[in-house]
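Written out below as structure tokens is the structure these notes cover.
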Amino acid sequence: MLNSESLNNVLENKIITHHDALQIYQDAVRNPSELYATSQKLRKGSKGDIVTFSKKAFFNIINMCRDTCTYCTYKSEPNEKKLSLMSIQDIKQMLKMAKKYRCVEALFVTGERPEQKYQEAKDWLKKNGFKSTPEYLAHASEMALEEGLFPHTNAGNLTPDEMRELKRTNVSIGLMLENSSDRLVQKGMPHHLAPSKRPKRRLEVLENAGRLKMPMTTGILVGIGETPEEVIESIFAIKKIHDRYGHIQEVILQNFQPKQDTMMSESPSASESYFKIIVAMTRIIMPKMNIQIPPNLSPKSYQSFLSVGINDWGGISPLTPDYVNPEFSWPEIKKIDENSRKAGFNLQCRFPVYPEFFSWISKELREKMTLIEDDKGMVKEEYWR
Ligand code: SF4
């Protein structure tokens, strides 16, 4: 029996209100031990002692972007050295390499509709035979499937038609909510110059994905100037959509790390104690959700997050850098395996879609997956190890 009545209620599967959650948060700031004990128990109950990851290759398809987020170092201007414009040939070559490394996921990432702002992006699309970035992504996804990799696209706010098209080839797609607070799009705030990050727009896209029965990865960027109320509200916003459509397959909690040459370079990173409390809060608000933190953003302590409620490390690449956080390289899979084991967890490689959602995937895609799938819906050990 815990001292906190609200946490006892959580353990009895009772619905938790915003007010309860805020009280739990405030208590945890003073002493987080009861919150952590609860989140750990819930994780164990719904996920056992398994922690998953996705063995991926990161395809930095085009990193021009019509928006500007003040923390972003991924976005490139046409004249910058970091500009990436992958041609069909580049994609083909990288897919072959990814297959050689026995990657499972082809993560396709782009900036937000670059062709709406940059002539260079329009020319690049034209040269490769396409009118829009989503059209190009649909083609790249077909190429990935032909090579035996499974696409997961993260290309910002897509329309229902674009998502419908990608559903033919992508086992899931991704769109970070970041935060549901309108305050963060006001002047002087991180998303002021990023219209695509208006919470209403993002939530609409997430809802549309739900209507299309598209397994969806979303998440929150923690530590960008939000208040605890706003981050808790964001977790509830994701829960609300998931309660309605049942399509959120995982929630990524990403801790903000300041990047050089960005407007937020002097802002402090999210403190580990704050971040851990948010991770544990997410587990108690959504006890059965797959919850992920990127291990490269907590390089010294990622394994300690296993005891506050996570059950997934996200995509790890043995081949490509994390182009969104290039200064934080991914730990080696071998090392993650070892550290997970030391913490009492069994590392398994999952597909970019979780087994709970296999029935939503087309017969054609499922057939391709079975070639490397074990009897629990994970990737066969002999394939990925
Ligand atoms: S975070 Fe995404 S939307 Fe924002 S500027 Fe970077 S690429 Fe564009």
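For the single chain, residues carry numbers from 1 onward in sequence order. Remember, it's a predicted structure, so these values are computed and weren't measured experimentally. Just so you know, ligand 1 is whichever comes first in the structure, and atom 1 is the first atom listed for that ligand. Only this structure's heavy atoms are used, side chains among them; waters, hydrogens and symmetry mates stay out.
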Take the angle between the ring planes of H139 and F130 and call it parallel below 30°, perpendicular above 60°, tilted in between.
tilted
Check the angle between the aromatic planes of F58 and Y74 and answer parallel, tilted or perpendicular using the 30° and 60° thresholds.
tilted
For atom 2 (Fe) of ligand 1, the option (of K75, E112, K197, R66) bearing the nearest heavy atom:
K197
Under 3.5 Å, is there a donor on one side chain and an acceptor on the other for S180 and E233?
no
Note: A194, heavy atoms under 4.0 Å from ligand 1, region reported as neither
Let me check your reading of the structure: within less than 2.8 Å of atom 8 (Fe) of ligand 1, is there an N/O/S atom from C72?
no
Ligand-residue contact atoms, ligand 1 with Y74, heavy atoms, under 4.0 Å
7 (S)
Atom 8 (Fe) of ligand 1: the protein heavy-atom neighbour that sits closest, reported with distance to 0.1 Å:
C65 SG, 2.3 Å
Note the single closest protein heavy atom to atom 4 (Fe) of ligand 1, along with its residue, its atom name and the distance in Å.
C69 SG, 2.4 Å
Would the number of heavy atoms belonging to other residues, nucleotides or ligands and lying under 6.0 Å from NZ of K240 be above 12?
no
Please evaluate residues Y118 and W124 with respect to the criterion ring pair (Phe, Tyr, Trp, His ring centres under 6.0 Å), reporting the C-alpha separation (whole Å), side-chain torsions for both, the decisive distance (0.1 Å), and the verdict.
CA-CA 10 Å; Y118 297 96; W124 163 79; over 10 Å; no
